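First the proteins, then the strands, lettered A, B, ... as listed; each starts at 1. Just so you know, these numbers come straight off a predicted model, no measurement behind them.
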Protein chains: 2
Amino acid sequence: MALIENTTAPVSGPAQLLAEMVADRIRQKVVSGELSPGEHLSEVALSEELQVSRNTLREVFRLLTKEGILRHEANRGVFVATPSISTIIDIYRIRRLIECQALAEGYPNHPAIARMKKAVEAARQAREEGKWLSVGSADIAFHAAIVELADSSRLSSFFAQILLELRLVFGLLQDPEYLHAPFVDQNQKLLEQVELGNFRTAAEMLDSYLLQAERFIMLAYARAIEG
Amino acid sequence: MALIENTTAPVSGPAQLLAEMVADRIRQKVVSGELSPGEHLSEVALSEELQVSRNTLREVFRLLTKEGILRHEANRGVFVATPSISTIIDIYRIRRLIECQALAEGYPNHPAIARMKKAVEAARQAREEGKWLSVGSADIAFHAAIVELADSSRLSSFFAQILLELRLVFGLLQDPEYLHAPFVDQNQKLLEQVELGNFRTAAEMLDSYLLQAERFIMLAYARAIEG
DNA sequence: CTGTCCATAATGTTGAACAATCTTTCCTGT
DNA sequence: ACAGGAAAGATTGTTCAACATTATGGACAG
């Protein structure tokens, strides 16, 4: 009789792995600002909201904690990571080290250059439309493309993580226009040098841009945590 | 009555998180060669052997897969990662990029230099005693210390992962003496330059050492997968 | 020998249970 | 009134058992 009936009903098998999909959704929630830095993520609440079991959610937490966008405290659960000054310093130290080196050793006709160009165009478009969050995304894509010049899958995915953490920092800051607008033209200038084959010059420009951006963001950060 | 009696008995609570401990044990199994590249890790078998539940083990699998020492295939489970030629290329590309840059921008009296010195001494000691696996460990520690010159926690832990993958490669190769012996003296020479404050010189030496090591290991690898 | 079907085993995912730990509340004694 | 502490409640850590889904291996037919 009804004893054999199955009550739990995952009607359709997972096309992709469930945990990966959930991880994507949480990443997006963090980037979009739906989840704020420092916020506590309750296992029961989130598992109900996302319609997954606690076990699956915990697998996701492990992933995202390793990625650095969540923080884990024993017996207290996970929280959205709260970037600090030292986070910003660390991120920009890494950006200068990796991006400049990748750029300096780039070569003409590398497929990543096309992606850089596309990102610059997307950024200009988004700027005209006033979509500052999209400008930020395009800026991220541009710098991810720079790292792809190094032709290293491991380096690229590591750098993607770093850029994701940077987006967390951006989320903390106000005034996205003031924040993202200057980068559009800088990226454009970088791309011009790259297309001329002047990779060394481009790398030097990038280094100074990044130093400048770091100071800029540190200031905005200091302003944000006070006001 | 006995209904309330508890049958499951984890008598003592976890001092540290169980999953982290299990992850350490599996990492060690991989590094020590107890688990070989390509080997399939059964969830039931391993969870029984390590005395943890399947769920906990799956959390660990997620971690180690992200670290790159395990590989996940949908509906087929996890396997110990099998380094390929392109893995070696990728690893050494990253090593040259990160290590040389970190070394070039190092400065005297940095605490990491003491760690480099300690690693060199440990390596010499281990070599005299013929403990080639320890020589390998010391070599790893030496290069991890170089990266710590960059003072970036994120970069250091990323690089630790890369070096762990490299150990996987070593596990694939025969003749650890032939493999590790040359590095001891090279590291010694590097350290001498660093202690003299010649960071630029050291960085250039390191670059050529790494190029040399890459060729060396590629050859050993090619020999290993054939014979 | 090759392709199909079925039994078997593995993974993917869930829900419930309980132990350990943290948090809040409330009581008590001074 | 208030500091200290015990009890109650909520949350995480971990396990287990169940079941759906997907691979694997073998028997069998052509």
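- If you take CG of A:L70 and P of D:dT12, they are 13 Å apart, rounded to a whole angstrom.
- Between the CD atom in A:Q28 and the CG atom in A:L35 there is a gap of 11.0 Å [rounded to 0.5 Å].
- Following rounding to the nearest Å, B:Q16 (CD) and C:dA20 (P) show an atom-to-atom distance of 18 Å.
- Separating the NE2 atom of B:H40 from the P atom of C:dA9 is a distance of 15 Å, rounded to the nearest angstrom.
- Position along DNA chain C of the nearest nucleotide to B:E43 versus A:N55 favours B:E43 as the more 5'-ward residue.
- The separation between B:R54 atom CZ and D:dA17 atom C1' is 10 Å, rounded to whole Å.
- Under the 4.5 Å side-chain criterion, counting only non-hydrogen atoms from C-beta, B:W132 is not in contact with B:D175.
- For the pair A:T56 and C:dT14, the criterion of a side-chain N or O lying under 4.0 Å from OP1 or OP2 is met.
- Remark: side-chain polar atoms of A:D139 are not paired, donor with acceptor, to backbone N or O of A:F183 under 3.5 angstrom.
- In this structure, a donor-acceptor pair under 3.5 Å is absent between the side chains of A:S47 and A:R58.
- Looking only at side-chain heavy atoms (C-beta outward), B:I146 and B:H143 come within less than 4.5 Å of each other.
- Rounded to whole Å, atom C1' of D:dT12 lies 13 Å from atom CG of A:L41.
- At whole-Å resolution of the value, NE2 in B:H72 and P in D:dA23 are 11 Å apart.
- Contact check of residues 44-53 of chain A against DNA chain C (heavy atom, cut-off under 4.0 Å) returns A:Q51, A:V52, A:S53.
- Between the CZ atom of B:R58 and the P atom of D:dG13 there is a distance of 18 Å, given to the nearest Å.
- Protein atom CG of A:L18 is 16 Å distant from nucleotide atom C1' of D:dC19, rounded to whole Å.
- Side-chain contact between A:R95 and A:V147: absent, with no pair of heavy atoms (C-beta onward) separated by less than 4.5 Å.
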